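From a predicted model like this one, the values you see are computed outputs, not experimental measurements. We name chains A, B, ... by the order of the sequence lines, and we start the count at 1 in each one.
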2 protein chains.
Amino acid sequence: MYEQIKEVVSSLINLNEVELNYFISKLQVKHFNRKEIILQEGQICRYAYFINRGCIRYFHNLEGEEITAQFFFENGWYTDYGSYLSGTASTQNIQAIEKTEILLLSKTDLYNLYQTIPQFEKLGRLMAERAFLGLRQRTEMLTNQTPEERYLNLIKDRPKVFERVPQHYIASYLGIKAPSLSRIRKRIFDKK
Amino acid sequence: MYEQIKEVVSSLINLNEVELNYFISKLQVKHFNRKEIILQEGQICRYAYFINRGCIRYFHNLEGEEITAQFFFENGWYTDYGSYLSGTASTQNIQAIEKTEILLLSKTDLYNLYQTIPQFEKLGRLMAERAFLGLRQRTEMLTNQTPEERYLNLIKDRPKVFERVPQHYIASYLGIKAPSLSRIRKRIFDKK
DNA sequence: GCTAAACGTTAACCCAAGTTAAGAAATGAA
DNA sequence: TTCATTTCTTAACTTGGGTTAACGTTTAGC
């Protein structure tokens with residue numbers, strides 16, 4: 001159950017056996033069914049999430065329509081960094097796309113780890129930097145690329161997304177509507 | 001010359017007279033003419049910038065076209081946070097829009113301040129968080145709003161931009177081309 | 001295995017942004 | 001003040017995404 005997270009954390013910071021096990025002891029396991037909401041828009045995000053198995057998405061509501069901001073798969077750490085930083089209500093929902101097993105680490109425990117094991121400060125910084133750079137990448141995608149380019153790049157960079165995520169979520173992630181994604185796929189298929 | 005920055009820094013962190021003056025002694029003053037480049041795409045960003053007077057923009061080149069990402073006016077701290085974080089080449093140009101007076105603080109000096117005056121760690125964190133939240137705001141603008149909504153909100157939230165920044169820069173910031181911005185303006189004017 | 005729900009594609013029509021080019025207006029630098 | 005440069009607007013035309021609705025297919029969950 002904890003093999004993956006041990007590996008991921010160990011690849012980022014140096015911990016001895018005792019520290020690593022102390023960390024693991026703070027984790028909570030939760031299971032979510034398809035479409036189940038993990039974090040609701042408006043709540044304050046008090047946990048960091050590690051995905052053991054499954055796949056989740058971030059989305060928010062815009063005039064009744066769901067806008068998907070990101071997908072995440074196994075072996076990643078995620079949190080609503082905006083809510084975490086400012087302690088304000090989350091603007092995102094986090095939802096399981098498949099049956100998903102998640103390890104939760106409460107902010108309280110994380111802050112205690114910052115205090116007791118200095119290496120965790122580094123983990124915190126790496127998570128923050130990753131959040132910034134990930135957001136920047138998405139922003140650049142949206143400003144610099146046409147919908148068709150975004151589609152082609154997503155297939156190239158993260159083909160897994162197309163295997164595991166319904167297409168209308170992907171359309172919304174690419175900043176377009178489902179019929180447009182269908183047309184783009186057809187257009188590209190016809191070119192070949 | 002240093003009144004503004006003293007006020008801004010003092011409003012964020014608590015420093016005594018000596019610390020504040022020590023900080024000021026590390027600053028370097030530079031002047032830039034209209035259109036002059038402050039930081040070139042591809043260089044590593046080694047400074048944080050404080051604008052004393054004037055106005056700057058961030059932009060990058062995309063297939064020969066300049067995409068404007070942000071405008072900044074007096075009394076703000078800015079840096080290419082992506083380049084600063086990762087130590088990689090900047091993906092942005094920083095350019096003076098008007099005659100601009102800037103105070104520079106080198107990363108080296110900033111890191112020394114982190115070590116010698118703990119309060120500066122807080123300043124660093126606040127700058128980082130502001131960068132993240134600013135970027136998130138822009139991302140949400142681009143994903144959640146139509147060009148017309150973006151235009152109306154920019155007028156509402158930052159009317160100064162329209163007084164001091166050429167319109168084709170604004171168009172690019174809004175994610176559209178100059179003729180489109182003109183049409184939007186006409187459309188809105190005709191409605192009234 | 002069955003059934004309802006979810007999903008993907010297509011068509012027809014609309015509309016807004018892109019492109020290009022031209023000309024008018026405003027502005028900066030000498 | 002003048003002139004070159006920059007900036008803004010407009011027009012004509014093209015392109016591609018949005019909308020709506022229909023239909024067929026797939027899939028989840030019992």
Side-chain angles (χ1 to χ4, degrees), chain A residues 31-37 54-55 57 59 62-68 71 95-100 141-152 154-155 161-191, chain B residues 31-37 54-55 57 59 62-68 71 95-100 141-152 154-155 161-191:
Chain A
H31 290 89
F32 296 89
N33 285 322
R34 203 174 80 97
K35 296 208 161 198
E36 207 173 330
I37 296 291
C55 140
R57 68 172 181 133
F59 73 92
L62 182 68
E63 292 158 24
E65 191 189 352
E66 293 182 356
I67 310 289
T68 298
F71 309 109
Q95 184 188 40
I97 294 177
E98 313 167 349
K99 278 202 173 209
T100 295
M141 173 187 95
L142 290 169
T143 49
N144 297 351
Q145 294 170 19
T146 63
E148 187 169 324
E149 288 169 338
R150 290 176 218 157
Y151 168 76
L152 289 169
L154 188 62
I155 281 204
V161 169
F162 288 87
E163 291 161 21
R164 296 172 68 176
V165 174
Q167 214 160 280
H168 60 289
Y169 293 165
I170 298 179
S172 146
Y173 172 75
L174 294 173
I176 57 178
K177 294 290 185 301
S180 275
L181 180 52
S182 270
R183 280 186 294 231
I184 288 172
R185 288 163 65 82
K186 188 172 186 331
R187 217 153 60 212
I188 288 166
F189 181 81
D190 288 349
K191 273 185 200 163
Chain B
H31 291 90
F32 296 90
N33 285 322
R34 204 173 81 97
K35 296 207 160 195
E36 207 172 330
I37 296 291
C55 138
R57 67 172 183 134
F59 73 93
L62 182 67
E63 291 158 26
E65 191 188 352
E66 294 183 354
I67 310 288
T68 297
F71 309 109
Q95 183 188 40
I97 293 177
E98 314 166 349
K99 278 202 172 211
T100 295
M141 172 187 97
L142 290 169
T143 48
N144 297 351
Q145 294 169 20
T146 63
E148 187 170 323
E149 289 169 337
R150 288 176 220 157
Y151 167 76
L152 290 170
L154 188 61
I155 281 204
V161 169
F162 288 87
E163 293 161 21
R164 296 173 65 177
V165 175
Q167 214 160 282
H168 60 287
Y169 293 165
I170 299 179
S172 147
Y173 172 76
L174 294 173
I176 57 178
K177 293 292 186 301
S180 276
L181 180 52
S182 269
R183 280 186 294 234
I184 288 172
R185 289 163 64 84
K186 188 171 187 331
R187 218 151 62 210
I188 289 167
F189 181 80
D190 288 349
K191 272 185 201 162

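Checking the phosphate oxygens (OP1, OP2) of D/dT9, a side-chain nitrogen or oxygen of B/Arg185 falls inside 4.0 Å. When the side-chain nitrogen and oxygen atoms of B/Ser182 are compared with OP1 and OP2 of D/dC8, none of them lie within a distance under 4.0 Å. For B/Lys186 and D/dT10, the shortest distance from a side-chain N or O to OP1 or OP2 is not below 4.0 Å. Phosphate proximity of C/dG8 to A/His168: present, with a side-chain N or O under 4.0 Å from OP1 or OP2. Contact between the side-chain N/O atoms of B/Gln167 and the OP1/OP2 oxygens of D/dT9 is found at a separation under 4.0 Å.
Look at NZ on A/Lys177: it is 15 Å from C1' on C/dC14, rounded to the nearest Å. In this structure, CD of B/Glu98 is placed 17 Å from P of D/dT6, rounded to the nearest angstrom. Rounded to a whole Å, the CD1 atom of A/Ile176 is 14 Å from the C1' atom of C/dT9. Rounded to a whole Å, the NZ atom of B/Lys99 is 11 Å from the C1' atom of C/dA29. Rounding to whole angstrom units, OH of residue B/Tyr151 and P of D/dT9 are separated by 9 Å. B/Gln145 places its CD atom 14 Å from the P atom of C/dA17, with the value rounded to the nearest Å. Going from atom CD of A/Gln95 over to atom C1' of C/dA6 covers 13 Å, rounded to whole Å. Whole-Å rounding puts the B/Arg183 CZ to C/dT20 P distance at 13 Å.
In this structure, A/Lys177 pairs ionically with A/Glu65, as a charged nitrogen and a carboxylate oxygen lie closer than 4.0 Å. Classification of B/Arg57 and B/Glu66 as a salt-bridged pair holds, one side-chain N sitting under 4.0 Å from a carboxylate O.
One cannot find a donor-acceptor pair under 3.5 Å joining the base of D/dG16 and the side-chain atoms of A/Arg187.
Side chain of A/Thr100 to backbone of A/Glu98: a donor-acceptor contact under 3.5 angstrom is found. At distances below 3.5 Å, at least one donor-acceptor pair connects side-chain atoms of B/Glu149 with backbone N or O atoms of B/Thr146.
Both B/Lys35 and A/Glu65 lie near DNA chain D, and the one whose nearest nucleotide falls closer to the 5' end is B/Lys35.
Residue-level contact check: A/Arg34 touches the backbone only, with heavy atoms under 4.0 Å from sugar-phosphate atoms and none from bases.
Shown here are the ring-ring contact (aromatic ring centres under 6.0 Å, His included) partners of A/Phe59, two or more places apart in sequence or in another chain: there are none.
If you check C/dA17, D/dT19, D/dG18 against the side chain of A/Pro179, the one that comes closest is D/dT19.
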